[in-house]
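A quick write-up on the structure given underneath.
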Amino acid sequence: MTADLPEGWNRVRRVVCPGSFDPVTNGHLDIIGRAARLYDEVVVAVLTNVSKQALFTTDERVEMLREVTAGYRNVQVTRFHGLIVDFCQANDISAIVKGLRAVSDFEYEQMMSQMNYRLAGIETLFMTTNPLYAFLRSSLVKEIARYGGDVDGLVPELVLVRLRDRLESLKQAPGPGGTR
Ligand code: ADP
C-alpha cells in the first residue's frame with residue numbers, strides 16, 4: 001500500500017557523519033553503514049583540524065575511509081574545515097548523524113547539537129553505539145597499538161596494516177610529526 005504523500009515528501013535525505021577518523025575504526029563504520037541504510041546519501045566529512053596532532057594526514061584518513069566504504073554506493077568521503085554547519089549549508093545537508101557510546105559522550109554532543117541548531121537550524125540525529133564497539137575510540141586504538149597491544153577486530157584490516165606501518169616508521173624516525 002502506498003501513502004498519498006505531499007509534494008516534496010520524498011526529497012533526498014543527505015546527512016553527514018563528521019569526525020577526525022584518525023584512523024577509522026569499526027565503531028565509525030558501524031554508524032556509517034547504519035546511516036547508509038537509513039538515508040539516501042551519506043557524506044563522511046573528515047575534519048582538517050590544525051590544532052590536533054594526528055597520526056595520519058587528512059588525505060590518508062580520507063583515502064582509508066574511501067577504501068573501507070567502497071561497498072556503499074550512497075556514501076561519499078570528503079574533507080572539511082571550519083564549522084560543520086557551514087559545510088552542511090554549502091552541501092545541502094539537513095542533518096548530522098552522530099554515534100553515542102556512553103553517557104559521557106552525551107553532555108558534549110547535546111551542547112554541540114543545540115549550538116548547531118541555533119547557528120543554522122541543522123538537526124543532529126543520534127544512534128546508540130553497537131555494544132560491540134561501545135568502548136572504542138581512535139585515540140585508544142592508537143595508544144594500544146603504540147605499545148604493541150592487539151587491536152585486531154577493532155579496525156578494518158587495511159587500517160590495521162597502515163597503523164602498524166606508521167607506528168613502525170615513527171619508532172625508527174621519532175621526532176615532531178608536525179601538523180597533519
Ligand atoms: P573518536 O573516534 O576519537 O571519538 P572521531 O571524531 O573520529 O573521534 O569520531 C567521530 C564520530 O564518530 C564521533 O563523534 C561519534 O559520533 C562516532 N563514533 C566514534 N566511535 C564510535 C563508536 N565506537 N561507536 C559509535 N559511534 C562512534
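When reading the values below, keep in mind they use all heavy atoms of this one structure, side chains included, and skip hydrogens, waters and symmetry mates. Everything numeric here is computed off the predicted structure, so don't read it as measured data. For ligands, and for the atoms within them, numbers begin at 1 and follow the listed sequence.
- Scanning R137, H28, M127 for the heavy atom closest to atom 8 (O) of ligand 1 points to H28.
- For ligand 1, the atoms sitting less than 4.0 Å from at least one non-hydrogen atom of E109 are 14 (O), numbered in the order shown with element in parentheses.
- The distance from ligand 1 to the heavy atoms of I31 drops below 4.0 Å at these ligand atoms: 25 (C), 26 (N).
- At a 4.0 Å heavy-atom cut-off, ligand 1 touches L136 through backbone and side chain alike.
- When the salt bridge (charged side-chain N to carboxylate O under 4.0 Å, His left out) test is applied to R34, the partners found at least two apart in sequence or on another chain are D30.
- Looking at A134 against ligand 1, nothing comes within 4.0 Å, counting heavy atoms.
- Heavy atoms of other residues, nucleotides or ligands lying less than 6.0 angstrom from OH of Y117 number 12 at most.
- Nearest heavy atom pair, residue A36 against residue Y72, reads CB-CD2, 3.9 Å.
- A distance-only check finds a donor-acceptor pair linking the side chain of D22 to the backbone of F56 [under 3.5 Å].
- Shown in contact with T129 at under 4.0 Å from a heavy atom are these atoms of ligand 1, numbered in order with element: 22 (C), 24 (N), 25 (C).
- No option in E168, E157, E63, E60 other than E63 meets the salt bridge (charged side-chain N to carboxylate O under 4.0 Å, His left out) test with R162.
- Residue-ligand proximity, P18 to ligand 1, at heavy-atom distances under 4.0 Å covers atoms 10 (C), 11 (C).
- The heavy-atom pair separating S20 from R61 by the smallest distance is O-NH1, 2.8 Å.
- Within a 6.0 Å radius of CD in Q89, more than 12 heavy atoms belonging to other residues, nucleotides or ligands are found.
- Applying the 4.0 Å criterion to heavy atoms of G19 picks out, from ligand 1, the atoms 6 (O), 10 (C).
- Of the heavy atoms in R101, only side-chain atoms (C-beta onward) come closer than 4.0 Å to ligand 1.
- Both L119 and L47 are part of a single hydrophobic cluster, where members link through side-chain heavy atoms under 4.5 Å apart.
- Using a 4.0 Å cutoff on heavy atoms, C17 does not count as a contact of ligand 1.
- Closest to atom 23 (N) of ligand 1 by heavy atom, among Y133, Y108, F21, is Y133.
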